[in-house]
Student: 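Sharing a structure, written as structure tokens. Questions coming.
In this text the structure is predicted, and so the values were computed from the model without any measurement.
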Amino acid sequence: MFSYRHAFHAGNHADVLKHTVLISTMHYLAQKEVGYTAIDTHSGPGLYKLDSPDAKQSGEAQEGLLALIRNKSKLSGPMAPALLAYRAVLDHFNPQGGLLNYPGSPFIAHHLLREQDKLKLFEMHPTDIRNLVANVEALQAGRQTMVMNEDGFLGLPKYLPPPTRRGLVFIDPSYEIKLDYERVVVAVSTGLQRFATGTFVVWYPIIPRPQAHSLPRHLTNLARQSNRPWLHTTLRIRSGAQRPEAVTGDPVKRLGLVESGIVVINPPFTLKEELEAALPQMVQLMGQDKQAGFTLTTG
């Protein structure tokens, strides 16, 4: 149940997508003076080291964030504003230059909070919750940020609706357990019943599993039933077919995650335009073959 560790995947292409969307959404919520509450149901430790043994073992940051930065000379014009905003957040956590520190969603959210905003963080992994508590304490976040060693799916309803009736719910489980797909749908359904105007951001992996392919349909149906707008985007960096490794003599092995998606219910009205500019550049900078691409639909 607790085998998944995001430290192996920090800074990969899925993080680039999900965190670009998170930052754009939080920037939009900050346009109004009234405070809002951000809730992260699956927080992880909050901060990662891209030079750690785990990150080096997977090498996923090399084809994600680091490829995005390394290949920026391929762009014929300026980088899209949403990607520049993403890079600005990363620069904040790397004041000495370079990209050794990678902020997870809790640290990104905390960095973007204003004095009047609140942050609720859930985590259950025994190692990650200890690291998350220590990392948040180092931020001296005070009462503005609350960390809970609790199942985010079960704990979410008690914070909905937030006192100001403005908020963001970020749902990013590992999907290691197939039941997570169903629990995501239940959590969003319950959330919309309690907080119909809240923004719900759900990330999911696109893998050969029926639940992964039906999840966006279930979520967009919930939005339609609640008469709420929605946005669905996917990003693919390469073919998922098997191929031999570059080093002669290495065995043929299946590639890791090559595609993921995000469904946003009650998205900022600015998000579609921002992604229309950012997604083609993500493909250009992180794409590895002709199968790389993106989709973007709204309703």
Side-chain angles (χ1 to χ4, degrees), residues 10 15-16 18-48 81-96 99 101-123 128-150 152 155-172 187 191-192 194-203 262 264-271 274 278:
D15 272 359
V16 174
K18 74 177 78 165
H19 292 154
T20 297
V21 170
L22 175 63
I23 292 166
S24 293
T25 302
M26 293 190 70
H27 280 166
Y28 177 79
L29 287 171
Q31 291 179 10
K32 290 187 178 180
E33 186 61 29
V34 178
Y36 66 88
T37 298
I39 303 173
D40 191 336
T41 61
H42 297 77
S43 296
L47 188 65
Y48 306 91
L83 293 180
L84 288 174
Y86 171 64
R87 179 61 196 268
V89 170
L90 299 181
D91 287 343
H92 170 80
F93 290 97
N94 294 276
Q96 305 303 320
L99 288 169
N101 299 314
Y102 189 84
S105 50
F107 268 46
I108 291 173
H110 178 268
H111 170 60
L112 297 177
L113 291 181
R114 303 164 301 168
E115 185 176 339
Q116 63 269 44
D117 304 323
K118 303 293 183 183
L119 178 61
K120 313 293 184 184
L121 303 174
F122 291 94
E123 180 53 51
D128 285 351
I129 185 62
R130 289 195 299 271
N131 291 335
L132 179 62
V133 169
N135 287 334
V136 170
E137 286 179 351
L139 291 174
Q140 299 182 335
R143 295 182 179 181
Q144 188 179 32
T145 297
M146 181 183 298
V147 179
M148 290 152 287
N149 184 6
E150 187 177 344
L156 174 61
K158 65 186 176 185
Y159 294 108
L160 300 179
T164 61
R165 299 299 195 273
R166 301 186 71 235
L168 161 70
V169 178
F170 187 73
I171 303 177
D172 175 28
L192 285 171
R194 299 177 66 90
F195 186 32
T197 58
T199 297
F200 293 81
V201 179
V202 179
W203 175 87
I262 290 180
V264 186
I265 299 177
N266 292 319
F269 78 92
T270 54
L271 185 59
E274 290 177 343

Student: Sequence neighbours excluded, which residues qualify as side-chain contact (heavy atoms from CB on, under 4.5 Å) partners of P81?
Tutor: none
Student: Rounded to the nearest 0.5 Å, how far does CG of L121 lie from CD1 of I129?
Tutor: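 The CD1 atom of I129 sits 8.5 Å away from the CG atom of L121.
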Student: For residues 26-38, which residue pairs pass the side-chain hydrogen bond (donor to acceptor under 3.5 Å, both in side chains) check, not counting sequence neighbours?
Tutor: E33-Q116
Student: Can you find a pair of side-chain heavy atoms, one from L22 and one from L168, that are under 4.5 Å apart?
Tutor: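 The answer is yes; the side chains approach within 4.5 Å.
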Student: Go through the structure and list residues passing ring pair (Phe, Tyr, Trp, His ring centres under 6.0 Å) with F200, not counting sequence neighbours.
Tutor: none
Student: Hey, what do you get for NE2 (H111) to CG (L139), rounding to the nearest 0.5 Å?
Tutor: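 Answer for the NE2-CG pair, H111 versus L139, is 11.0 Å.
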Student: Does anything in residues 101-110 pair up under salt bridge (Lys or Arg N to Asp or Glu O under 4.0 Å), and if so which pairs, sequence neighbours excluded?
Tutor: none
Student: The criterion is side chain to side chain donor-acceptor pair (under 3.5 Å); which residues satisfy it with H42, sequence neighbours excluded?
Tutor: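 H42 satisfies side chain to side chain donor-acceptor pair (under 3.5 Å) with no residue once adjacent residues are dropped.
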Student: Could you tell me which residues satisfy side chain to side chain donor-acceptor pair (under 3.5 Å) with N135, sequence neighbours excluded, listed by chain and number?
Tutor: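 N135: no side chain to side chain donor-acceptor pair (under 3.5 Å) contacts found.
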Student: Looking at residues at least two apart in the chain, or sitting in another chain, which of them share a side chain to side chain donor-acceptor pair (under 3.5 Å) with S105?
Tutor: D40
Student: Can you name the side-chain contact (heavy atoms from CB on, under 4.5 Å) partners of A82, sequence neighbours left out?
Tutor: T20, S24, E274, A278
Student: R87: which residues meet the salt bridge (charged side-chain N to carboxylate O under 4.0 Å, His left out) condition with it, sequence neighbours left out?
Tutor: D91
Student: I'd like to check the ring pair (Phe, Tyr, Trp, His ring centres under 6.0 Å) partners of F107; sequence neighbours left out, ordered by chain and number.
Tutor: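 In terms of ring pair (Phe, Tyr, Trp, His ring centres under 6.0 Å), with neighbours along the sequence ignored, F107 is linked to F93.
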Student: Which residue pairs pass the salt bridge (Lys or Arg N to Asp or Glu O under 4.0 Å) test with at least one member in residues 155-170, sequence neighbours excluded?
Tutor: E150-K158
Student: Among residues two or more places apart or on two chains, list those pairs meeting salt bridge (Lys or Arg N to Asp or Glu O under 4.0 Å) that have a residue in residues 111-122.
Tutor: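 Every salt bridge (Lys or Arg N to Asp or Glu O under 4.0 Å) pair that includes a residue of residues 111-122, provided the two are not neighbours, is R114-D117.
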